[in-house]
Amino acid sequence: MSREILRKCVLTLKEPGLCSRLFPLKGRITGDTRIPMRLSRYFMPILRDDPKEAEIVSHKLMLRAGMVRQEAAGNYSWLPMGFRVLKKIEQIVREEQDRAGALEVLMPTIQPAELWKKSGRYDAYGKEMLRIKDRHDREMLYGPTNEEMITDIFRQGVQSYKDLPRNLYHIQWKFRDEVRPRFGVMRGREFLMKDAYTFDVSREAGQHAYNKMFVSYLRTFARMGLKAVPMRAETGPIGGSDSHEFLVLADTGESGVFFDGDFHAMDWNKVEVDYDDVNAVAKLVESFTSKYAATDEKHDAAEFERRVPAPKRMTGRGIEVGHIFFFGTKYSEPLGCEVQGADGKKVAVQSGSYGIGVSRLVGGIIEASHDDAGIIWPEAVAPFQVGLINLKVGDAASDEACLKIYKALQAKGVDVLFDDKEGGAGGKFAAMDLIGLPWQVIIGPRGLKDGIAEVKNRKTGARENVALDQVVGRFTA
RNA sequence: CGGAGUGUAGCGCAGUCUGGUAGCGCACCUGCUUCGGGAGCAGGGGGUCGGAGGUUCGAAUCCUCUCACUCCGACCA
């Protein structure tokens with residue numbers, strides 16, 4: 001299509017039918033975001049050597065696989081491969097929040113200082129808060145969290161106890177000016193976080209809201225292939241009465257952890273419950289909280305020894321990927337967040353806040369799932385499901401067989417990254433192992449003589465010869 | 001914020017002590033030969049040596065200031 005026609009189409013409202021004539025919408029537009037990709041057209045600057053600024057394995061691998069690029073300390077650009085993973089993780093978080101009855105909103109990154117002065121945290125937050133002045137010299141800040149703002153939003157929209165309970169969340173970039181950012185996206189200054197806020201009329205209802213989030217977190221992390229152990233946590237500067245951290249076990253974790261070996265036997269994937277069934281939810285939470293699990297901050301050696309038999313005393317390290325708090329009225333009172341009760345009297349709402357470090361999870365998953373060759377993506381968060389390797393670009397039979405499978409996978413909606421670049425086999429294998437797609441389909445003249453492709457599982461390393469016409473079926477069954 | 005260190009090509013590094021006009025590996029480009037676990041040969045492109053000031057005939061190298069980044073500690077999704 002010529003530029004001229006395009007411009008006409010865009011600019012000329014006099015011809016309303018032109019656009020649809022030029023761009024007939026025939027069934028293909030479904031909202032499906034799956035995009036097949038040829039490596040020859042992709043942007044994936046992979047590195048052979050570890051960049052020297054990276055210390056831990058996830059940081060090294062993310063840089064080597066071309067997922068991110070550092071712009072400043074704790075501040076990253078997300079390149080196509082990394083961004084796909086980030087989006088997949090974000091979507092799982094979103095789906096599980098929605099399922100638990102939370103409502104998605106989106107608050108701005110920049111907030112006015114007044115709200116924070118009202119809660120008393122403007123001064124308390126200290127230098128971690130990035131403070132900005134606008135052109136009118138008004139004090140603003142780049143939000144490190146959103147309790148103040150969400151409470152204000154809620155207050156303005158809800159007056160009656162009949163409007164409770166409510167749970168509002170958003171997934172938004174935060175900025176905390178950490179003294180020492182490190183470990184890549186695991187401890188950045190700018191980071192993507194899901195934060196949810198619950199509002200309830202009574203202590204009991206608030207507890208149920210907390211429990212629902214607790215369960216949704218178990219499900220969220222399980223879907224990403226992670227076992228995140230809930231541990232009783234300090235409420236820290238944010239304050240509140242009840243709090244749990246969710247930690248992914250990984251040798252490189254920042255916190256030392258002590259926990260009951262029974263957690264290893266528990267099946268996170270079986271976390272299934274009716275969120276409206278208060279007792280069932282409480283019981284499920286109880287089954288996780290009744291076992292000993294604590295970070296080094298909260299660890300009580302005597303209690304550990306009393307409650308856990310010696311062979312089951314597990315110690316290790318963990319990465320905090322989620323943190324939930326029940327506040328009671330700690331924030332609602334100073335901020336005047338009240339509703340009118342059935343008796344006509346105002347009552348401060350019971351609130352809680354619930355965070356998941358979405359961008360941190362990208363690093364956390366790599367920490368928990370990699371080997372010497374590179375990343376091993378769990379299927380649910382993999383940037384592509386299948387890496388299709390043409391071992392001999394230019395060979396007519398190889399080119400044809402690859403293209404056929406590529407298009408067939410594409411037609412079936414399987415995320416596929418097609419390595420159609422020229423190059424030796426070794427480099428292709430190394431690159432594909434590095435970026436860690438769950439499955440590799442390897443096609444070259446040797447196998448084609450017998451009409452077969454090789455299907456390799458990245459995690460187990462298992463290879464299998466599969467007849468060419470069976471390959472696509474392997475990923476669509 | 002205390003302590004330690006590093007800035008030289010896209011990435012990893014040498015050269016700095018002892019000043020003389022910038023080099024190696026990988027990556028990239030061209031050609032030929034290769035081609036199932038990071039190939040070979042030949043040719044080629046790319047760096048105002050983090051920045052500013054100073055010393056000197058001459059500075060990546062010496063001096064002063066500055067900026068950035070990394071690591072260890074105290075703090076955090």
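In what follows, chains are A, B, ... by sequence order, proteins preceding strands, each numbered from 1.
- With a cut-off of 3.5 Å on both Watson-Crick or G-U wobble distances, the partner of B:G43 is given as B:C29.
- If you take CD of A:Q97 and P of B:A77, they are 17 Å apart, rounded to a whole angstrom.
- B:G38 sits 15 Å from B:C11 when the C1' atoms are compared, rounded to a whole Å.
- The side chain of A:V179 has B:C1 as its nearest neighbour among B:C75, B:C69, B:C1.
- A straight line from CZ of A:F183 to C1' of B:C75 spans 13 Å, rounded to a whole angstrom.
- The stretch residues 365-378 of chain A has no heavy atom under 4.0 angstrom from RNA chain B at all.
- When Watson-Crick and G-U wobble pairs are counted only if both distances are under 3.5 Å, B:C24 pairs with B:G12.
- Counting any heavy atom pair closer than 4.0 Å across all strands shown, A:G444 reaches a base atom.
- Pair check for B:U61 finds none; no Watson-Crick or G-U wobble contact set falls under 3.5 Å.
- If you take CG of A:L391 and C1' of B:A39, they are 15 Å apart, rounded to a whole angstrom.
- With hydrogens and angles ignored, the 3.5 Å screen pairs no side-chain donor or acceptor of A:K421 with any backbone N or O of A:K428.
- B:C69 and B:G5 make up a base pair, with Watson-Crick or G-U wobble contacts both under 3.5 Å.
- B:A77 atom P lies 11 Å from atom CG of A:L247, rounded to whole Å.
- Within residues 419-433 of chain A, the residues having any heavy atom under 4.0 Å from RNA chain B are, by residue number, A:A425, A:G426, A:G427, A:F429, A:A430, A:D433.
- Between the side chains of A:D177 and A:Y125, not a single donor N or O lies within less than 3.5 Å of an accepting N or O.
- Residues A:F259 and A:H264 bring their aromatic ring centres within 6.0 Å.
- For A:K449 and B:C35, the NZ to C1' distance is 13 Å, given to the nearest whole Å.
- A donor and an acceptor atom, one from each side chain of A:Q91 and A:R94, are located under 3.5 Å apart.
- For A:D300, there are no side-chain hydrogen bond (donor to acceptor under 3.5 Å, both in side chains) partners two or more places apart in sequence or in a different chain.
- Near-neighbour residues of RNA chain B inside residues 43-69 of chain A, defined by a heavy atom below 4.0 Å, number-ordered: A:L47, A:R48, A:D49, A:D50, A:P51, A:K52, A:E53, A:E55, A:R64.
- Using modelled atom types, one finds no donor on one side chain facing an acceptor on the other under 3.5 Å when comparing A:D195 with A:Q172.
- Heavy-atom nearest nucleotides on RNA chain B were determined for A:E178 and for A:I442, and the one closer to the 5' end corresponds to A:I442.
- Across B:G50 and B:A68, the matching C1' atoms stand 7 Å from one another, rounded to whole Å.
- Residues A:Y354 and A:T198 bring a donor and an acceptor atom of their side chains to less than 3.5 Å of each other.
- Contact annotation: A:Q70 does not reach the phosphate of B:A68 (side-chain N/O to OP1 or OP2, under 4.0 Å).
- For the residue pair A:R474/A:Q470, the side-chain donor-acceptor check at 3.5 Å is not satisfied.
- For B:U21 and B:G43, the C1' atoms lie 26 Å apart once the distance is rounded to whole Å.
- Between B:A14 and B:G25, the two P atoms lie 15 Å apart (nearest whole Å).
- Using P as the reference atom, B:C17 and B:C62 are 5 Å apart when rounded to the nearest Å.
- B:U8 and B:G47: their P atoms are spaced 15 Å apart (whole Å).
- Here A:G188 lies in heavy-atom contact (under 4.0 Å) with a base.
- Residues of residues 208-223 of chain A that place a heavy atom closer than 4.0 Å to RNA chain B do not occur.
- We find that CG of A:N146 is positioned 13 Å from C1' of B:A77, with the value rounded to whole Å.
- Rounded to whole angstrom, the span from the CG atom of A:N75 across to the C1' atom of B:A68 amounts to 13 Å.
- Taking the P atom of each, B:G12 and B:G53 are spaced 28 Å apart, rounded to whole Å.
- Relative to the ring axis of A:Y122, A:R131 places its NZ or CZ within 45° and under 6.0 Å from the centre.
- Looking at heavy-atom distances under 4.0 Å, A:L361 makes no contact with the nucleic acid at all.
- The side chain of A:A72 sits closest to B:C69 out of B:C71, B:C69, B:C76.
- Remark: P of B:C76 and CE of A:M231 are 18 Å apart, rounded to the nearest angstrom.
- Side-chain contact, A:S58 with A:E367: a donor N or O sits under 3.5 Å from an acceptor N or O.
- As rounded to the nearest Å, B:A22 and B:U18 have P atoms that lie 23 Å from one another.
- Taking 4.0 angstrom as the limit, A:R180 places a side-chain polar atom (N or O) nearer than this to OP1 or OP2 of B:C71.
- Counting non-hydrogen atoms under 4.0 angstrom, A:R189 reaches nothing in the nucleic acid.
- Using the Watson-Crick or G-U wobble rule with both distances under 3.5 Å, B:A77 pairs with nothing in any strand shown.
- Side-chain contact of A:Y292 with A:H299: a donor-acceptor pair under 3.5 Å is present, judged by distance alone.
- Within the nucleic acid shown, A:V358 has no heavy atom closer than 4.0 Å to any nucleic acid atom.
- Every residue two or more places apart in sequence or in another chain that forms a ring-ring contact (aromatic ring centres under 6.0 Å, His included) with A:Y42 is listed here: A:F384.
- Counting any heavy atom pair closer than 4.0 Å across all strands shown, A:K456 reaches a base atom.
- For the 3.5 Å distance criterion, the side chains of A:D152 and A:Q156 fail to qualify, holding no donor opposite an acceptor.
- Within the structure, every side-chain polar atom (N or O) of A:R446 is placed at least 4.0 Å from both OP1 and OP2 of B:C35.
- With respect to A:K459 and A:D371, no salt bridge is recorded, no charged nitrogen being found less than 4.0 Å from a carboxylate O.
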Decide side chain to side chain donor-acceptor pair (under 3.5 Å) for A:E464 and A:N457; before the verdict, give the C-alpha distance in whole Å, the side-chain angles of both, and the deciding distance to 0.1 Å. CA-CA 9 Å; A:E464 193 184 336; A:N457 181 295; over 6 Å; no
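- The number of heavy atoms from other shown groups lying within 6.0 Å of CD (A:E422) does not exceed 12.
- Between A:G364 and A:M186 the shortest heavy-atom distance is N-SD, 3.4 Å.
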